[in-house]
Amino acid sequence: MVFSPFAAMIAPIAVALTVGLLGWTYRALKPPPPKICGSPNGPPVTSPRIKLSDGRHLAYREAGVPREEAKYKIVVIHGFGSSKDLNLPASEELVEELRIYFLFFDRSGYGDSDPNPSRSVKSEAYDVQELADKLQIGSKFYVIGISMGAYPNSCFLILLNGRSYFGIGFSHFYRLAGASLVAPFVNYWWPCLPANLSNDAFSRLLAQDQWSFRVAHYTPWLFYWWMSQKWFPSLSILAGNMAIFSQSDLEILKKWSEAPSVGQEKIQQQGVYESLHRDIMVSYGKWEFDPMDLINPFPNNEGSVYIWQGYEDRIIPFQVNRYLSEKLPWIHYHEVPDAGHLLIFESKNCEAVLRELVQR
């Protein structure tokens, strides 16, 4: 047999390539560790925070009339890529007239709130409840969930029903006085949605968003790689694709660009994975309940639930929320003809949401 130096080199080269490929794959799939606020390598804590029962911290901001003088107390849950520093364009006159106290907070991983590696639809609802308890905002409060911030609201309503889907207690959730879901997030894999409806609504999304949501739903362990790779376009909103916004949305965005709100630079300061990526993976993952499991939490009309949906919304197709409200007729559905996804950031719509929530 003739010895070939080339043949002898094939095995170690193959091993080296395999090890290198595995190492690259591991690094590509593994998200970087978060930069925890207040840690040696993390950003400073710049907001008031409460400590949750699991040891995490939740940052918050109070606005409106003083808590002790308020007639109505509203917890506002921000959406994707936002924070407690969002500004609701309600006039001071309206806030004073209705005596509203607002409690804003950074959801897990956003802003100054600690990340939650066990984040879920359920945990987001429990964060709201514990925040209200720690700050002692009273026996009753309202909740407004905006866009992706509406999915904790859905869990709140399940818990308020007294159904033990999660094998946990629900006794404290009776404190909810009412809820508004504004341009609420929808999961296209909810079992309650007819296939033709979910397929039609899903097809209206940009192709790059369809693929991003598929990855989040079917292979969440690949999501960090998908959002980091440069070969294929990923989520349009992060790529700055303005095609997802309606004309009214673009006008609102123009106003924001001219006068940026305080705190925007802190939204992703602990890492894009713990804030934005995990938000998408939770919302488009497999839920522990279905929206059709909801039962009217206010059978004696002691409170109300609302959906506010923009007809021109290109991010959340109106057809899905219209269908859900038809199947759950105790939800008061408002479809705003000339509004897009950012409808609550237009003064007239914001004030309509607030008035109906607390005065009905």
Side-chain angles (χ1 to χ4, degrees), residues 76-90 104 107 110 143-154 179-188 190 193 197-198 200-210 212-213 216 234-258 260-261 264 267 275-276 279-280 282-284 291 306-325 331 333-354 356-357:
V76 181
I77 310 176
H78 69 79
F80 180 78
S82 185
S83 75
K84 69 181 182 310
D85 295 311
L86 67 87
N87 292 315
L88 291 181
F104 301 86
R107 294 194 288 123
Y110 282 100
V143 176
I144 295 177
I146 302 171
S147 187
M148 202 167 278
Y151 72 74
N153 255 358
S154 299
S180 283
L181 289 70
V182 183
F185 155 87
V186 296
N187 185 319
Y188 301 96
W190 282 333
L193 298 179
L197 174 64
S198 58
D200 177 67
F202 195 66
S203 69
R204 295 172 185 270
L205 305 177
L206 296 181
Q208 62 196 90
D209 292 339
Q210 294 180 33
S212 296
F213 299 152
S234 55
L235 201 63
S236 60
I237 194 169
L238 298 184
N241 190 333
M242 306 305 283
I244 62 172
F245 294 108
S246 69
Q247 185 57 44
S248 61
D249 288 339
L250 292 173
E251 292 170 5
I252 292 169
L253 290 172
K254 185 174 184 295
K255 292 178 183 177
W256 287 353
S257 68
E258 294 168 352
S261 61
Q264 293 302 298
I267 291 175
S275 52
L276 307 184
D279 211 3
I280 294 174
V282 169
S283 55
Y284 285 103
Y306 305 91
I307 287 180
W308 291 79
Q309 173 70 48
Y311 181 78
E312 301 294 336
D313 194 335
R314 298 180 185 176
I315 296 176
I316 304 295
F318 72 87
Q319 292 88 345
V320 178
N321 281 320
R322 181 191 284 180
Y323 171 83
L324 293 174
S325 64
I331 293 179
Y333 180 69
H334 296 281
E335 197 167 279
V336 186
D338 58 346
H341 191 67
L342 303 178
L343 71 89
I344 198 171
F345 298 105
E346 193 169 349
S347 182
K348 65 178 183 179
N349 296 329
C350 179
E351 296 191 355
V353 169
L354 294 175
E356 185 155 29
L357 178 62

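Bear in mind the structure is a predicted one, so any value in this text is a computation, not a measurement.
The closest donor-acceptor contact from the side chain of Ser248 to the backbone of Ala339 lies at 3.5 Å or more, if one exists at all. Using a distance-only test at 3.5 Å, with no hydrogens or angles considered, no donor-acceptor pair links the side chain of Gln309 to the main chain of Val320.
Interatomic distance, OG of Ser347 versus CD1 of Ile252, reported as 10.5 Å (0.5 Å rounding). If you take CD1 on Ile280 and CG on Leu238, they are separated by 6.5 Å, rounding to the nearest 0.5 Å. With rounding to the nearest 0.5 angstrom, the CG atom of Leu181 is 6.0 Å from the CD1 atom of Ile307. With rounding to the nearest 0.5 angstrom, the CE atom of Met148 is 7.5 Å from the CZ atom of Arg107. Atom OG in Ser203 sits 6.5 Å away from atom CD in Gln210 (nearest 0.5 Å). Taken to the nearest 0.5 Å, the CG atom of Asp209 stands 8.0 Å off from the CG atom of Asn241.
In this structure, Leu354 and Ala90 approach most closely via the heavy-atom pair CD1-CB, 3.6 Å. Pairing each heavy atom of Cys350 with each of Leu88, the nearest pair is SG-CB, 3.9 Å. The two residues Tyr188 and Ser198 come nearest to each other via the heavy atoms O-CB, 3.6 Å. Minimum heavy-atom separation, Ile244 to Ser236: CG2-OG, 3.2 Å. When every heavy atom of Tyr311 is checked against every heavy atom of Glu335, the shortest pair comes out as CD1-OE2, 3.4 Å. Annotation for Glu351 and Pro89: closest pair OE2-O, 4.3 Å, computed over non-hydrogen atoms.
The aromatic rings of His78 and Tyr110 sit perpendicular to each other, their planes meeting at more than 60°, with 30° as the lower class boundary. Taking the six-membered ring where tryptophan is involved, the planes of Phe213 and Phe202 are tilted, since the angle between them lies from 30° to 60°. In this structure, Tyr151 and Phe185 have perpendicular ring planes: the angle between them is above 60°, well past the 30° mark.
Counting heavy atoms from C-beta outward, Asn349 and Val182 have side chains that stay 4.5 Å or more apart. Within the 4.5 Å cutoff, the side chain of Leu324 has no heavy atoms near those of the Ile331 side chain. Under the 4.5 Å side-chain criterion, counting only non-hydrogen atoms from C-beta, Phe345 is in contact with Leu86. Side-chain contact between Phe318 and Asp313 is absent, with no heavy atoms from C-beta onward closer than 4.5 Å. Here the side chains of Leu193 and Tyr323 are in contact, with some heavy-atom distance below 4.5 Å. Residues Trp308 and Val336 are in side-chain contact: their nearest non-hydrogen atoms beyond the backbone lie under 4.5 Å apart. Using a 4.5 Å heavy-atom threshold, the side chains of Asp249 and Arg314 count as separate. Here the side chains of Pro184 and Asn321 are in contact, with some heavy-atom distance below 4.5 Å.
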Exercise. Please step through side-chain contact (heavy atoms from CB on, under 4.5 Å) for the pair Val353 and Tyr306, ending with a clear verdict.
Key: CA-CA 9 Å; Val353 169; Tyr306 305 91; over 6 Å; no

Exercise. Give the intermediate values and the outcome of side-chain contact (heavy atoms from CB on, under 4.5 Å) for residues Ile315 and Phe80.
Key: CA-CA 12 Å; Ile315 296 176; Phe80 180 78; over 6 Å; no

Self-check item: Check against side-chain contact (heavy atoms from CB on, under 4.5 Å), Arg322 and Tyr333
Solution: CA-CA 7 Å; Arg322 181 191 284 180; Tyr333 180 69; 3.6 Å; yes

Exercise. Just do the salt bridge (Lys or Arg N to Asp or Glu O under 4.0 Å) check on Lys255 and Glu251 with the steps written out, would you?
Key: CA-CA 7 Å; Lys255 292 178 183 177; Glu251 292 170 5; over 6 Å; no

Exercise. Using the side-chain contact (heavy atoms from CB on, under 4.5 Å) rule, take Asn87 and Trp256 through it: C-alpha gap first, then chi angles, then the decisive distance, then the call.
Key: CA-CA 10 Å; Asn87 292 315; Trp256 287 353; over 6 Å; no

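When each of Ile146, Leu250, Leu253 is tested with Leu342 by the rule side-chain contact (heavy atoms from CB on, under 4.5 Å), just one qualifies, namely Leu253.
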